[in-house]
Asks: 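One structure follows; several queries about it will come next.
Only heavy atoms go into these numbers, but all of them, side chains included; no hydrogens, no water, no symmetry mates.
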Amino acid sequence: MSGQSLGNGMAAFSFILWGLLPLYYQYLPNVATDELLAVRLIASVPLGALIVFAVTKRLPQFNAIWADKRSLITTAFAAVVMSISWVAFTWALTNERVMESSLGFFISPIATMALGVFCLGERLSLGKKVALALACIGLGYQVIHYGEIPLVALSIAVFFSLYGWLKKKINYEWSTSLFVEALVLLPLAISYLFYKEMTLGTESFHSGMSTLALYIGSAPATLLPLLFFSIAIRLTSLSTIGLMQYIEPSIQFILAVYLFGEAFDEVKLVSFSFIWAGLLFTVFDTLRYRHTAKSR
């Protein structure tokens, strides 16, 4: 199997796992999201070290990690933006807003295009301009009718797009990068849990062993798809990953409507229709570009 084929397979598998995550979080309704993030980060450090050892046959090389300051700083930024996206994602999954999470990942590729235009000065093709316009119309339709901005969906979309962009700039091996992402936030996570326990008390440590196990289990549950995503991001193109990304919100959308019984009213139908139309323009535009590039 070629490197690109392996990357495509890893990308598809990671998005399938992410799409199925609502099945795990249904056992943690109304969870303390702040504690869940802290516990996940703490549990991810030893788990990440095991992944590094399994891949490289040695423990994390801290001297090499420290020597590449640019990758270390970039990884720290990636860890922060992924945490923000993950908090919004987890809050949606544990508060009966799976459809809003699905919306976030549907508009994530379009958010990536917008970031490229406004932050990197990139120029869009006609097809992508149409896609961006249709997505804005779809989101605007929801805002007008519901009277509120879908902040959760936008947070997921924007910060996950930033995460993918930052991961492309890290020189560490993918396994080391995952480990460092948790490691750089470990002191903050421990300090936060200690402070909350001393002042308000933590829910995760006082709700029984089964609940605590679910909190800790969020580390492997979320690290596993990140593992496959980290492999994919090194082996295949961002455009391919952008196309694969539609797997995740499609699964979440089906779960939200048919398993969790979330409302899919006329407003959401119109809004999603505009966004789906925009995604079709993006897919066709990407495929047309690839066909043109191959024929040259």
Side-chain angles (χ1 to χ4, degrees), residues 11-31 33 36 84-113 130-161 164 214 217-218 221-222 224-226 228-229 241-284:
F13 192 50
S14 68
F15 290 124
I16 290 172
L17 291 177
W18 263 317
L20 294 173
L21 266 181
L23 298 176
Y24 180 88
Y25 285 110
Q26 68 174 324
Y27 296 106
L28 282 168
N30 301 313
V31 69
T33 310
L36 188 61
I84 296 172
S85 177
W86 189 84
V87 166
F89 174 58
T90 307
W91 183 89
L93 298 191
T94 56
N95 286 271
E96 300 179 351
R97 303 284 284 272
V98 176
M99 191 173 295
E100 190 160 355
S101 168
S102 172
L103 174 62
F105 286 110
F106 270 127
I107 63 177
S108 182
I110 299 172
T112 300
M113 290 190 296
V130 172
L132 188 58
L134 289 172
C136 290
I137 293 171
L139 287 174
Y141 189 82
Q142 275 203 39
V143 172
I144 292 170
H145 282 78
Y146 290 149
E148 60 181 16
I149 298 173
L151 292 176
V152 172
L154 288 174
S155 297
I156 292 172
V158 172
F159 287 103
F160 188 77
S161 299
L214 287 170
S218 67
T222 54
L224 193 60
L226 268 179
F228 293 112
F229 180 78
I241 287 177
L243 294 176
M244 294 281 188
Q245 187 175 324
Y246 304 143
I247 296 171
E248 176 187 355
S250 298
I251 294 173
Q252 290 179 6
F253 180 83
I254 293 170
L255 290 176
V257 175
Y258 295 106
L259 185 61
F260 302 132
E262 294 187 18
F264 187 58
D265 56 23
E266 184 180 342
V267 174
K268 288 179 180 176
L269 175 61
V270 174
S271 176
F272 270 80
S273 296
F274 274 106
I275 293 167
W276 288 330
L279 294 180
L280 285 175
F281 272 96
T282 304
V283 171
F284 289 142

Asks: About how many Å separate CG of Leu269 and OH of Tyr141, when rounded to the nearest 0.5 Å?
Replies: 9.0 Å
Asks: Output yes when a side-chain donor or acceptor of Ser102 lies under 3.5 Å from a complementary backbone atom of Val98, and no otherwise.
Replies: no
Asks: Can you name the closest pair of heavy atoms from Val143 and Pro150 and give their distance?
Replies: CG2-CD, 3.8 Å
Asks: Going from CD on Gln252 to CG on Leu23, what distance comes out if it is rounded to the nearest 0.5 angstrom?
Replies: 10.0 Å
Asks: Sequence neighbours left out, what pairs pass side chain to side chain donor-acceptor pair (under 3.5 Å) with at least one residue falling in residues 87-98?
Replies: Arg97-Glu100
Asks: Just jot down the side-chain contact (heavy atoms from CB on, under 4.5 Å) partners of Ile84, sequence neighbours excluded, or say none.
Replies: Val80, Phe159
Asks: Return each pair, listed once, that meets salt bridge (Lys or Arg N to Asp or Glu O under 4.0 Å) where at least one residue sits in residues 257-279; pairs must be two or more places apart or across chains.
Replies: none
Asks: Applying the ring-ring contact (aromatic ring centres under 6.0 Å, His included) test to Phe105, which of Phe89, Trp18, Tyr246 qualifies?
Replies: Phe89
Asks: Checking the side chain of Thr33 only, and the main-chain atoms of Val87 only, is there a donor and an acceptor separated by less than 3.5 Å?
Replies: no
Asks: Which pair of heavy atoms, one from Phe160 and one from Ser108, lies closest together, and at what distance?
Replies: CD2-OG, 3.9 Å
Asks: To the nearest 0.5 Å, what is the distance between CE on Met99 and CD1 on Ile254?
Replies: 11.0 Å
Asks: Once rounded to the nearest 0.5 Å, what's the spacing between atom CZ of Phe228 and atom OG of Ser14?
Replies: 8.5 Å
Asks: If you take all heavy atoms of Leu17 and Pro225, which pair is closest and at what distance?
Replies: CB-CB, 3.9 Å
Asks: Tell me which pairs pass side chain to side chain donor-acceptor pair (under 3.5 Å) where either residue lies in residues 269-279, with sequence neighbours left out.
Replies: Gln142-Ser271
Asks: Can you name the closest pair of heavy atoms from Ala153 and Ile107 and give their distance?
Replies: O-CD1, 4.2 Å
Asks: Can you list the residues that meet the side-chain contact (heavy atoms from CB on, under 4.5 Å) rule with Thr222, with sequence neighbours excluded?
Replies: Leu21, Tyr25, Arg40, Trp86
Asks: Name all residues meeting the ring pair (Phe, Tyr, Trp, His ring centres under 6.0 Å) criterion together with Phe264; count only those two or more places apart in sequence or in a different chain, and write none if there are none.
Replies: Phe253, Phe272
Asks: When you compare the side chain of Leu103 with that of Ile156, does any pair of heavy atoms fall below 4.5 Å?
Replies: no
Asks: To the nearest 0.5 angstrom, please state how far the CG atom of Leu139 sits from the CD1 atom of Ile149.
Replies: 10.0 Å
